[in-house]
Novice: 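Handing you this structure, nothing more for now.
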Protein chains: 2
Amino acid sequence: MCPREGPRFGFMEPRLDTQTGYLLVKLGALAGARFDGVLAPLGLRGRHVRVIEEMRGASHSQQELCQATGLDRTTMVAVLDDLEQRGYARRSRSTADRRKHVVTLTGAGERAFKEAARALADAQEAFLAPLSAGERDQLRDLVERLRTTTG
Amino acid sequence: MCPREGPRFGFMEPRLDTQTGYLLVKLGALAGARFDGVLAPLGLRGRHVRVIEEMRGASHSQQELCQATGLDRTTMVAVLDDLEQRGYARRSRSTADRRKHVVTLTGAGERAFKEAARALADAQEAFLAPLSAGERDQLRDLVERLRTTTG
DNA sequence: CTCTGATTATCAGTAGAGCTGATTATCAGC
DNA sequence: GCTGATAATCAGCTCTACTGATAATCAGAG
């Protein structure tokens with residue numbers, strides 16, 4: 001018995017767009033659009049950056065990249081086509097298991113990632129600018145806890 | 001003591017998926033999927049609920065509904081087709097301006113909205129369950145401020 | 001009144017994302 | 001050498017959101 005957020009007054013329902021859940025959905029979409037926006041001039045999209053990041057340091061099969069990024073296998077084919085065409089990645093047959101492709105990052109790919117990461121960090125900085133440093137830490141903590149526990 | 005965010009150490013770049021912005025995008029998508037999930041059994045989607053909410057109390061032209069909800073005009077046509085077919089809304093020509101449709105909510109539409117709002121409130125409750133009441137208030141405050149200032 | 005330009009709702013067509021299923025090549029076990 | 005499973009790929013489907021065109025209507029100038 002703790003009618004905290006809901007129909008507290010009976011005769012008056014809260015508007016959807018004042019609810020935390022709705023705000024989260026909208027804010028997430030907004031942030032996503034911003035990030036896509038800063039990546040667009042680099043000819044990249046979020047998924048490319050995620051895949052490149054996963055490739056850094058070690059080589060992976062496409063299957064492993066799908067596992068790590070949550071992308072569909074057919075989407076991964078397209079993403080790697082893009083990256084390969086730009087010279088950011090290379091596919092080669094695995095000698096151990098010739099069904100697999102070993103996907104490796106090139107120097108250009110590494111540089112592109114650094115540039116993208118910098119652009120994303122700047123965009124994030126701008127996005128979170130209305131909050132103080134302490135509030136950003138709070139937000140990050142809350143969001144991360146929600147994501148790891150309910151997600 | 002929380003050295004978990006930015007490139008504070010120089011030699012080590014933070015992973016994208018530990019960044020607040022990325023987490024926000026993912027969490028928003030997750031929440032959206034949850035909400036779509038609870039609306040699906042009712043034969044509705046988020047946009048339908050938003051449009052219905054906007055129609056409550058007053059009648060609107062489709063153009064005004066687009067303005068209020070941010071939906072595209074052609075999408076609005078489809079949404080109203082759905083609502084009309086289910087008996088939740090009615091279109092009629094405006095007598096003042098015969099180009100316009102006056103869209104009104106039916107009793108069934110009102111009942112459907114209440115049911116949907118209840119389902120959404122429950123889903124939100126479950127989604128935010130990992131947080132204490134105070135933390136939810138914090139989160140709501142932070143998210144709302146971000147949305148109103150940077151959005 | 002008539003002509004012009006804007007506005008409302010609608011529809012048709014387009015482009016992209018994300019998926020399923022089929023295909024080819026390869027592997028591992030028997 | 002079979003058999004079944006797996007990796008990458010391709011073709012095709014669906015769904016969404018948009019652009020552009022269209023018919024009806026309005027508002028204003030002359």
Side-chain angles (χ1 to χ4, degrees), chain A residues 25-26 28-30 32-37 39-40 43-52 54-55 58-85 88-105, chain B residues 25-26 28-30 32-33 35-37 39-40 43-51 54-55 58-85 88-105:
Chain A
V25 173
K26 284 300 175 187
L30 186 61
R34 293 282 173 86
F35 295 151
D36 280 353
L39 291 181
L44 296 174
R45 320 213 12 203
R47 62 181 67 170
H48 295 112
V49 180
R50 267 186 296 150
V51 169
I52 293 183
E54 209 55 44
M55 288 166 38
S59 300
H60 298 271
S61 73
Q62 297 183 199
Q63 204 61 224
E64 289 164 341
L65 288 175
C66 289
Q67 193 80 16
T69 60
L71 291 179
D72 185 76
R73 68 203 145 92
T74 61
T75 306
M76 184 60 69
V77 171
V79 169
L80 291 179
D81 284 348
D82 294 343
L83 294 180
E84 217 172 14
Q85 188 191 345
Y88 294 165
R90 247 192 312 270
R91 276 187 266 219
S92 56
R93 285 279 165 202
S94 162
T95 53
D97 183 342
R98 294 185 42 75
R99 292 171 301 181
K100 296 186 182 179
H101 278 166
V102 174
V103 187
T104 54
L105 193 64
Chain B
V25 174
K26 284 301 176 188
L30 185 62
F35 295 150
D36 279 354
L39 290 181
L44 296 174
R45 318 210 14 200
R47 64 182 68 162
H48 295 110
V49 180
R50 267 187 295 150
V51 170
E54 208 56 41
M55 288 167 35
S59 301
H60 298 271
S61 73
Q62 297 184 199
Q63 204 62 226
E64 290 163 343
L65 289 175
C66 289
Q67 191 80 17
T69 60
L71 292 180
D72 186 76
R73 68 204 144 89
T74 61
T75 306
M76 183 62 67
V77 171
V79 169
L80 291 179
D81 284 348
D82 294 343
L83 294 180
E84 217 172 15
Q85 188 191 347
Y88 294 166
R90 247 191 310 270
R91 276 188 264 220
S92 56
R93 286 279 164 202
S94 164
T95 52
D97 184 342
R98 294 186 43 75
R99 291 172 301 181
K100 297 185 182 179
H101 276 164
V102 174
V103 187
T104 54
L105 193 62

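Below, chains carry the letters A, B, ... as their sequence lines are ordered, and counting in each starts from 1. Since this is a predicted model, take the numbers as computed values, not measurements. All values below come from the heavy atoms of this structure, side chains included, with hydrogens, waters and symmetry mates left out.
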Novice: Just the table, please: protein N/O against nucleotides 6-8 of chain D N/O, every pair under 3.5 Å.
Specialist:
residue : atom : partner : partner atom : Å
D:dT6   : O4'  : A:R99   : NH1          : 3.4
D:dT6   : O2   : A:R99   : NH1          : 3.1
D:dA8   : OP1  : A:Q62   : N            : 2.8
D:dA8   : OP1  : A:H101  : N            : 3.2
D:dA8   : OP2  : A:Q63   : N            : 2.7
D:dA8   : OP2  : A:Q63   : NE2          : 3.4
D:dA8   : O3'  : A:Q62   : OE1          : 3.4
D:dA8   : O3'  : A:H101  : ND1          : 3.1

Novice: Find which nucleotide of DNA chain C each of A:T75 and A:A96 is nearest to by heavy atoms, and output the residue with the more 5' nucleotide.
Specialist: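 Here A:T75 is the residue nearer the 5' end.
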Novice: Which heavy atom in A:E64 sits nearest to a heavy atom in A:S59, and how many Å separate them?
Specialist: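 Looking at all heavy atoms of both residues, the shortest contact is OE1-O, 4.5 Å.
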Novice: Starting from the 5' end of DNA chain C, give me the residue, B:T74 or A:T95, whose nearest nucleotide shows up first.
Specialist: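 Its nucleotide being nearer the 5' end, the pick is B:T74.
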Novice: Taking A:D97 as the fixed residue, which of A:K100, A:R99, A:H101, A:R93 is the one that meets the side chain to side chain donor-acceptor pair (under 3.5 Å) rule?
Specialist: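 Among the candidates, only A:R99 passes.
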Novice: When you measure from the side chain of B:R50 to the backbone N and O of B:T69, does any donor-acceptor pair fall under 3.5 Å?
Specialist: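 Side chain of B:R50 to backbone of B:T69, a donor-acceptor pair under 3.5 Å: yes, one is there.
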Novice: Closest heavy-atom contact between B:Y88 and B:L105?
Specialist: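 That closest heavy-atom pairing would be O-CD1, 3.3 Å.
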Novice: For A:T104, is there any backbone N or O sitting under 3.5 Å from a side-chain donor or acceptor partner on A:R90?
Specialist: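 No; zero donor-acceptor contacts below 3.5 Å.
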Novice: Kindly indicate, with the supporting measurements, whether the criterion side-chain contact (heavy atoms from CB on, under 4.5 Å) is fulfilled by B:V79 and B:H48.
Specialist: CA-CA 6 Å; B:V79 169; B:H48 295 110; 3.5 Å; yes
Novice: Rounded to whole Å, please give me the gap between CG in B:D81 and P in C:dA12.
Specialist: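 In whole Å, C:dA12 P lies 12 Å from B:D81 CG.
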Novice: Would you name the heavy atoms of B:V25 and A:G32 that are closest together and state the gap between them?
Specialist: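 Minimum heavy-atom separation between B:V25 and A:G32: CG2-N, 3.6 Å.
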Novice: Just the table, please: protein N/O against nucleotides 13-16 of chain D N/O, every pair under 3.5 Å.
Specialist:
residue : atom : partner : partner atom : Å
D:dT16  : OP1  : B:R45   : NH1          : 2.1

Novice: Roughly how many Å is it from CZ in A:R98 to C1' in C:dA28, rounded to a whole number?
Specialist: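 Whole-Å distance recorded here is 17 Å.
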Novice: Take the protein atom CG of B:L71 and the nucleotide atom P of C:dA9, then report the distance between them rounded to whole Å.
Specialist: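 It works out to 14 Å between those atoms.
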Novice: Looking at CZ of B:R73 and CD of B:Q62, how far apart are the two atoms once the value is rounded to the nearest 0.5 Å?
Specialist: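 Between atom CZ of B:R73 and atom CD of B:Q62 there are 11.5 Å.
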Novice: Just the rounded figure in Å: distance from P of D:dC10 to CG of A:D72.
Specialist: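 The answer, rounded to whole Å, is 14 Å.
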Novice: Using whole Å, report how far CE of B:M76 lies from C1' of D:dC18.
Specialist: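 Interatomic distance, CE of B:M76 to C1' of D:dC18: 15 Å.
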